[in-house]
Amino acid sequence: MLAGCKAWPEEFAARYRQAGCWQGETFSGMLRRRAVEYGDRIAIVSGDGRMSYAELDEKAGRLASGFLQLGIKARDRVIVQLPNIPQFFEVIFALFRIGALPVFSLPAHRKNEIAYLCEFTEAAAYVIPDTDAGFDYRGLAKQVRDAVPALRHVLVVGEPGEFTPLADLYDAEPMIDMFEESDAGDVAFLQLSGGTTGLPKLIPRTHDDYIYSLRQSAGICGLNEYSVYLAALPVAHNYPLSSPGVLGTLYAGGKIVLARGGSPDEVFPLIAAEGVTIAAVVPPLALIWLDAAESRHFDLSNLQVLQVGGAKFIAEAAKRVRTSIGCKLQQVYGMAEGLVNYTRLDDPEDTIINTQGRPMSPYDEIRIVDDADEEVAPGEVGHLLTRGPYTIRGYYQAEDHNAKSFTADGFYRTGDLARMTSDHYLVIEGRAKDQINRGGDKVAAEEVENHLLAHPGVFDAAVVSMPDEYLGERTCAFVIPYETSVTGGELKTFLKERGLAVYKIPDRVEFVDSLPQTGVGKVSKKMLRDSIAEKTKRLSKK
Ligand code: J2J
């Protein structure tokens, strides 16, 4: 096991192997087998054309040699920050082939996040596009390299500027004999957690556990070699990556259609042209799709399943999926730490609309407990804890935090408040963790507060969610200023200049003289949430 990662206790590992969850398959082996089985079938469709399984395998192999020649070796960490382009897959499968570990970052991340990831993982390389969605990633890479001089390589898809073109690596002499076959029980990559702390935590996922999650997901979502998955969300995120996502589609031998954005004008024609059968969205995007489908004419007849997850999808909107888009809705409640729940395709309408599904594995263990970790009565709301064959036992190099995030017997504290229905489906009722879920984008309050506190005009700050019709939640920062006359606009600019991803910048800043406290002298976030909810409600009525 990679240093700094906690393995499952042997008794659990043995059970998961014996039950057939963990089958000893690696990602590298998976792609090779698919290339043999499905050779000429199309794996990936994008604006750049089509790539078969055999081509993907061949390119990943060449790139793997290129990485080795550059000096990247087994267990090295490589930050991958790529949008929905075919090179994303070539890069990650090349890294899997040499046993190096992709660290998945999101296209929205900026210097603050990337420099931290590079430093914390002691990354050997950082892979970026030249530009994407109007942003120049080479400028970002310069800032990152200045901040982290130990970063050896920046590899660029497209025009490299002062860095190394990724394209050059494909021409390397084949070095097949030097590939070290990974152990399926070892960590394959590091995924980012939504986070609740000042610094994001990293999630080590093994080949065995993740491929099991792909197999279960593909089965539940009915994927096979004729399935066509539309990737409209950034593929590095755990949900479009694995539930069943792009990797589940490759697992099943299906076709991935890569979209660069999610707008109906871009993706609806793709659904018709490529015969998309399944697509995954977050609730705000689902609302846009529903409105477009209801007001304009598009041919969406190929689409069989629309998955909605990442944040709570309200029942009123859920009801519209079947009538407006004409396909089945599947609710998905999951987390990069592991546990994923799905409503099943043949569930009654009522279950699909009103629940967030049930665990995908019979070996997932769920406990719903009160503040004292005692199980609540059936049907009552409590803290959701979980343990199972694809849920991590600890974050990467985070011993202190792990002691808080996991129970002594290895259950992960999801931080979500849930109840279980009599037929064992989960309904998410809220959140106990200090996080804002901005339409699926997760913002750790503490991280934003720390950045606000770095401003000389800020004495204290508390960041909470406020209700939003479209995103579900937005962020509101309550700030006690020093006497200097700092403005909300200035604070937002300050955070942006510190290199914080834009989705983490507070939507609203409220200046206050004091922050309300709980009985034990902690800031009462509940009171702050209530007060901003009340205020925005009043304002919207005016
Ligand atoms: C309410 N809250 C939800 C839902 C996630 C599949 C799907 C989603 C994620 C994901 C994922 C929710 N209703 N349907 O990784 O594989 C909130 C919960 C949860 C947190 C996890 C996957 N679906 N959530 O969203 O790691 O609070 O993963 O604990 O980004 O999102 O966030 P993340």
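In this chain, residues are counted from 1 in sequence order.
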Taking all atoms of both residues into account, what is the closest heavy-atom pair of [X] and [Y], and its distance?
X: Y470; Y: L287; answer: O-CD1, 3.9 Å
X: F189; Y: P102; answer: CB-O, 3.2 Å
X: V448; Y: L495; answer: CG1-CD1, 4.2 Å
X: A418; Y: I428; answer: CB-CD1, 3.9 Å
X: L453; Y: F459; answer: CD2-O, 3.6 Å
X: T121; Y: R77; answer: O-NE, 2.9 Å

Worksheet item: For atom CZ of R138, is the number of surrounding heavy atoms from other residues, nucleotides or ligands below 6.0 Å larger than 12?
Response: yes
Worksheet item: Is K492 atom NZ crowded by more than 12 heavy atoms from other residues, nucleotides or ligands, each under 6.0 Å away?
Response: yes
Worksheet item: Between E337 and K433, is there a side-chain N and carboxylate O pair less than 4.0 Å apart?
Response: no
Fill in: Qualifying ring-ring contact (aromatic ring centres under 6.0 Å, His included) pairs with a residue from residues 119-139, counting only residues at least two apart or across chains
Y116-F120, F120-Y396, F135-Y137
Donor-acceptor side-chain pairing of [X] and [Y] below 3.5 angstrom:
X: D507; Y: T475; result: yes
X: Y425; Y: T343; result: no
X: Y390; Y: D364; result: yes

Fill in: CA sep, side-chain torsions, deciding dist, call: E113, Q81, side chain to side chain contact (heavy atoms under 4.5 Å, CB included)
CA-CA 11 Å; E113 289 85 14; Q81 189 181 28; over 6 Å; no
Practice prompt. Fit a plane to each ring of F268 and F298, take the angle between them on a 0 to 90° scale, and name the class: parallel (under 30°), tilted (30 to 60°) or perpendicular (over 60°).
Written response: perpendicular
Worksheet item: Mind checking whether F406 and Y395 have parallel, tilted or perpendicular rings, split at 30° and 60°?
Response: perpendicular
Item to complete: Could you tell me the separation between the CG atom of N341 and the OG1 atom of T386, rounded to the nearest 0.5 Å?
Response: 8.0 Å
Practice prompt. Look up atom OH in Y412 and atom OG1 in T407, then write down how far apart they are to the nearest 0.5 Å.
Written response: 12.5 Å
Practice prompt. Would you check if the side chain of N84 reaches a backbone N or O of A259 as a donor-acceptor pair within less than 3.5 Å?
Written response: yes
Discussion item. Does R367 qualify as a cation-pi partner of F411, given the criterion of NZ or CZ under 6.0 Å from the six-membered ring centre and within 45 degrees of its axis?
Written reply: yes
Worksheet item: Considering only heavy atoms from C-beta outward, does the side chain of I532 approach that of F478 to under 4.5 Å?
Response: yes
